[in-house]
Amino acid sequence: MTLVDHHVADLPGMTLHTIETTKYKTTSLILQIKSPIAEEEVTKRALLPYVLQSGTERYSSSKELRGALDGLYGATLGVDLSKKGEYQIITLRMDVANEKFLSDNTPLLDRAFELLSQVFLKPAKENEAFLPRIVQKEKRSLKQQIESIYDDKMRYANKRLIEEMFEEEPYRFNVYGNEQEVDQITPETLYDYYQKVIKEDEIHLYAVGDVSKDALQELAKKHFVFPADRMEPKRTSSAGKQRVDEVKEVFEEQEVQQGKLHMGYRTYITYSDPEYLALQVFNGVFGGFSHSKLFMNVREKESLAYYAASRFESHKGIIFVMSGIETNNYEKTVKIINEQLEEIRNGNITDGELEQTKAMIRNQILETVDDSTGLVEVLYHEVVSRHKRTIEEWLEGIQNVTKEQIRDVSKKIQLDTIYFLKGRGE
Amino acid sequence: MEQIHFNQLKETLNHKTLPNGLKVYILEKKDFNKTYATFTTHYGSVDNHFVPLGKDDKVKVPDGIAHFLEHKLFEKEHGDVFQDFSKQGASANAFTTFNRTAYLFSTTGDVEKNLTTLIDFVQAPYFTEKTVEKEKGIIGQEIRMYDDNPDWRVYFGLIANMYKKHPVAIDIAGTVESIAKITKDDLYECYNTFYHPSNMLLFIVGPVDAEKIMDLVEKNQAGKDYSDQPPIERFFDEEPQEPANKKEVLHMPVQTPKCYMGYKEKRPQRSGRDLLVRELSINLLLEMMFGKSTKNYEKLYEEGLIDPSFSFDYTEEMGFGFSMIGGDTTDPDTFAERISEMVNEFKQQALNEEDLERARKKKIGSFLRALNSPEFIANQFTRYEFNDMNLFDVIPTFEELTVKQLQDALNDHFQDSQLTVCQVKKKQS
């Protein structure tokens, strides 16, 4: 038996992924819409899903649409934006109760498919434009969301690090776009952009739940009908500098209690590379867990921080380190973090660290696929990277990583930028 | 072992109360990879005034001690228990709320070994002066991290507004000053009083064999020497009905202001079915007033007063209870006025049956969705049990709520005298 019963079908205009499972009391429909990050489009693309979820031809206001969803036993409709490698991805997600668990037997799934397809393909519009009242509201709300990043200092520091580190690359753009560009968007220009999205973007629909794949395929075919002139989706290759000549250090001051230290590394390894699994184990030894070198040294040994961790982005090939510290401990903390990378480069990894890390990664992967969002996230890696790796292969590959491979990976990794948000007057 | 069947949900819960008083619950989820277990004591940040086990006089302990104890329980003579779990392929964690402290792990590997580790580490404290001192730096940074977080500050600021005497107004982690006073003896005193098995609940959910797991737990507990403990005496000063403060404004380096408002519950002494009916009623009413499909939500959004961060909730436990409505807003003063106007307007109209049915369906669907998560089941089941409620009664109770019950809750809870507001505004530098 395989861990995930994943079937892929090419339908006109999109690819359907069905995952049959009895784990859940609801059925999830997750639409992933992908396009390369483009400077002139990034803000429009950020606004688009919020406009789409605000009304359809039939339900022309958010209130009416939400009323229809509530009537389907509180089906949820949510949107999300993410950046994976060089792509900016829109996610539309619907989750609906499985009728089996309700005392009332109204068929809900057919209506859920219909509603989701209408949100994407039959939006509220007049002539060749979205409704001005919807666009205006959502522009204001998007601006507020962009501003609120500043208010969460951890997110703010991460955003600033990315802006500094990828100064010359499209990856520098925030997934919510640029605040200054929001005002220029009109119902017409946004609708034009939307036309382009439904014609040119790469679209995948994931359906997860206790429903047969044939039934899911029927529903998808029935409700998702795309324009006939769909084009072949655009691909892009990774753009990024290939060598770091000098570490960039950026300081900023604000009235904060705790300094936020964020460091960015280039690994030159992405999901499709054979060293990817060794990179994942490297990250686990370095800072991914509570037994990792960063946590053990920055927190447990020196009591400098409550959190000290690293995480990696699979498609851009970067590692981020983050820690919240007293402003005057900056140099000491950076030194300790650098020493931990040096330790790994020198091959100082114990058998215990290696085994613990592998066990934790295995656990993490298996737990992730227990959750429908996590599962789709894992399966979607294959789409972004065009590289197939089943869960079983992944688990086995992790088990086979050696200390030498980790050391080799650690030697490729280069610190690129240090960003420190520090408190005032210290 | 008792088996409780929930037919509509197709779930069976296994339960036993052991001779030492420990309550054990096991829910089999055969399709999952992951097993999740929580070991929870009915002890949290509000339990700061009590008679220690074996003593006659009540004591008051430093703010933040329950949370401090949670951190320190992981440290043993041989090292850190976190490491034991990760060697066994499990990730462990813990959290402290107003009245619970929970220790937990999740694993896709060796459940029995990890479960034994969980039970044994929680039941074998090891506190020394040295390790207690070391933790003060780490928790100090945890407190600072939350100090910089405006969402956290406004949420706890609102609760602090409401309560004059009740310790729910005190930060769960305490302050840098209050934790400085904590000693190892304080920790042992709290531990001995509140970590007796009769004050605790163990919940396991995942692809397990319930009988085997129950057997393991029973044997483990039979091998430990616990004598019966008298009921714990906890003290709370009498709390006035009205909020302590009507309004508080915090100034922080933010770009978008925040406003949270809430109604303080006048008689938060319910438990069991009364409490369940109360919580679900007020949450249903809030959905009817401010849910995304309501006129009010549409108006507030159109007026530019709310964005997707807008939310609302009602919670009540022994001794405190409140509703809260809030989020990011460009105009926190108008926001507060509009919300309170809308509540009063809603009170003056008869409840609309159609809106009620829609909100009811939505709530039932949301609850089903929440049951997809083993974490939700274990954590919420424990919270419900400590308040003599059953998590699996939620759907039937939603189905049975009557217009009269809702009307009563509406008139009783949403009163202007109980309203308080907390805002975060931009700091002028």
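These values consider heavy atoms only, across backbone and side chains, with no hydrogens, waters or symmetry-generated copies. Residue numbers begin at 1 in each chain, while the letters A, B, ... track the order of the sequences.
- Within the 4.5 angstrom heavy-atom criterion, no atom of Asn149(B) approaches chain A.
- Glu302(B) CD to Ile134(A) CD1: the interatomic distance, rounded to the nearest 0.5 Å, is 9.5 Å.
- Of the listed residues Ala305(A), Ser148(A), Ser62(A), the one with more heavy-atom pairs under 4.5 angstrom with chain B than any other is Ala305(A).
- Contact tally against chain A (heavy-atom pairs below 4.5 Å) for Gly137(B), Pro253(B), Ala92(B), Pro374(B): the top residue is Pro253(B).
- Taking OG from Ser86(B) and CD from Glu355(A), the interatomic distance works out to 12.0 Å, rounded to the nearest 0.5 Å.
- The closest side-chain heavy-atom distance from Thr330(B) to Gln144(A) is below 4.5 Å.
- Between the Asp307(B) side chain and the Gln145(A) main chain, no donor and acceptor come within less than 3.5 Å of each other.
- For the pair Met360(A)/Ser91(B), a side-chain contact is recorded, criterion being any heavy-atom separation below 4.5 Å from C-beta on.
- Put simply, CG on Leu69(A) and NZ on Lys361(B) are 12.5 Å apart, with the number rounded to the nearest 0.5 Å.
- Cation-pi contact between Lys63(A) and Tyr297(B): absent, since separation from the ring centre below 6.0 Å together with deviation from the ring axis within 45° is not met.
- Counting only heavy atoms from C-beta outward, the side chains of Asn363(A) and Gln88(B) never approach each other to under 4.5 Å.
- Salt-bridge check for Asp95(A) with Arg369(B): passed, with a basic side-chain N closer than 4.0 Å to an acidic carboxylate O.
- Considering only heavy-atom pairs separated by less than 4.5 Å from chain A, the leading option among Gln255(B), Lys363(B), Lys136(B), Lys362(B) is Gln255(B).
- Residues Gly67(A) and Ser293(B) share a closest heavy-atom pair of N-CB, 3.4 Å.
- Smallest separation of non-hydrogen atoms from Lys153(A) and Asp148(B): CG-O, 4.5 Å.
- Taking the charged nitrogens against the carboxylate oxygens, Arg144(B) and Glu326(A) do have a contact shorter than 4.0 Å, which makes a salt bridge.
- Options Glu75(B), Glu298(B), Lys29(B), Lys30(B) differ in how many heavy-atom pairs under 4.5 Å they form with chain A, and the most are formed by Glu298(B).
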Verdict with reasoning, Lys23(A) to Asn33(B), per side chain to side chain contact (heavy atoms under 4.5 Å, CB included): CA-CA 10 Å; Lys23(A) 277 180 195 173; Asn33(B) 298 313; 4.0 Å; yes
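- Nearest heavy-atom pair across Gln141(B) and Gly324(A) is OE1-O, 3.8 Å.
- The two residues Pro308(B) and Ser141(A) come nearest to each other via the heavy atoms CD-OG, 3.1 Å.
- For the pair Glu367(A) and Phe32(B), the minimum side-chain heavy-atom distance is 4.5 Å or more.
- Using a 4.5 Å heavy-atom threshold, the side chains of Glu300(A) and Lys134(B) count as touching.
- For Glu354(B), no part sits under 4.5 Å from any heavy atom of chain A, backbone or side chain.
- Residue His71(B) touches chain A through its side chain alone, counting heavy-atom pairs closer than 4.5 Å.
- Across all their heavy atoms, Ala97(A) and Leu368(B) have their closest contact at CB-CD1, 3.8 Å.
- When Val424(B), Ile143(B), Asn372(B), Asp147(B) are compared by the number of non-hydrogen pairs under 4.5 Å with chain A, Asn372(B) comes out ahead.
- With contacts defined as side-chain heavy-atom distances shorter than 4.5 Å, the pair Lys260(A)/Met145(B) qualifies.
- Contact of Leu304(A) with chain B is made through the backbone alone, with heavy-atom distances under 4.5 Å.
- At a 4.5 Å heavy-atom cutoff, Glu357(B) makes no contact with chain A through either its backbone or its side chain.
- Distance check, rounded to the nearest 0.5 Å: CG of Asp151(B) to CG of Asp152(A) gives 7.5 Å.
- The contact between Ala90(B) and chain A is made entirely by backbone atoms, counting heavy-atom distances below 4.5 Å.
- Taking Tyr24(A), Tyr50(A), Tyr150(A) one by one and counting their heavy-atom pairs under 4.5 Å with chain B, the maximum is reached by Tyr150(A).
- Among all heavy-atom pairs drawn from Gln83(B) and Ser290(A), the shortest one is NE2-O, 3.1 Å.
- Within a 6.0 Å radius of CZ in Arg140(A), more than 12 heavy atoms belonging to other residues, nucleotides or ligands are found.
- With a 6.0 Å radius and a threshold of 12 heavy atoms from other residues, nucleotides or ligands, Lys295(B) has its NZ atom at or below the threshold.
- Between chain B and the options Gly71(A), Gly352(A), Ala68(A), heavy-atom pairs under 4.5 Å are most frequent for Gly71(A).
- Contact tally against chain A (heavy-atom pairs below 4.5 Å) for Lys292(B), Gln8(B), Arg358(B): the top residue is Gln8(B).
- Using a 4.5 Å cut-off between heavy atoms, Leu102(A) contacts chain B through both its backbone and its side chain.
- Within the model, atoms CZ of Phe367(B) and CZ of Phe101(A) stand 13.0 Å from one another, a figure rounded to the nearest 0.5 Å.
- Taking Gln258(A), Lys358(A), Gln364(A) one by one and counting their heavy-atom pairs under 4.5 Å with chain B, the maximum is reached by Gln258(A).
- Taking chain B as the reference chain and counting heavy-atom pairs below 4.5 Å, the highest number among Asp370(A), Thr26(A), Asp371(A) is found for Asp370(A).
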Would you sort out whether Phe82(B) and His291(A) count as a side chain to side chain contact (heavy atoms under 4.5 Å, CB included), showing the intermediate values? CA-CA 8 Å; Phe82(B) 269 114; His291(A) 69 268; over 6 Å; no
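- The contact between Tyr307(A) and chain B is made entirely by side chain atoms (from C-beta outward), counting heavy-atom distances below 4.5 Å.
- Heavy-atom distances place the backbone of Thr329(B), and not its side chain, under 4.5 Å from chain A.
- At a 4.5 Å heavy-atom cutoff, Ser28(A) makes no contact with chain B through either its backbone or its side chain.
- Of the listed residues (Leu371(B), Asp80(B), Thr107(B), Asp355(B)), the greatest number of heavy-atom pairs within a distance under 4.5 Å of chain A belongs to Thr107(B).
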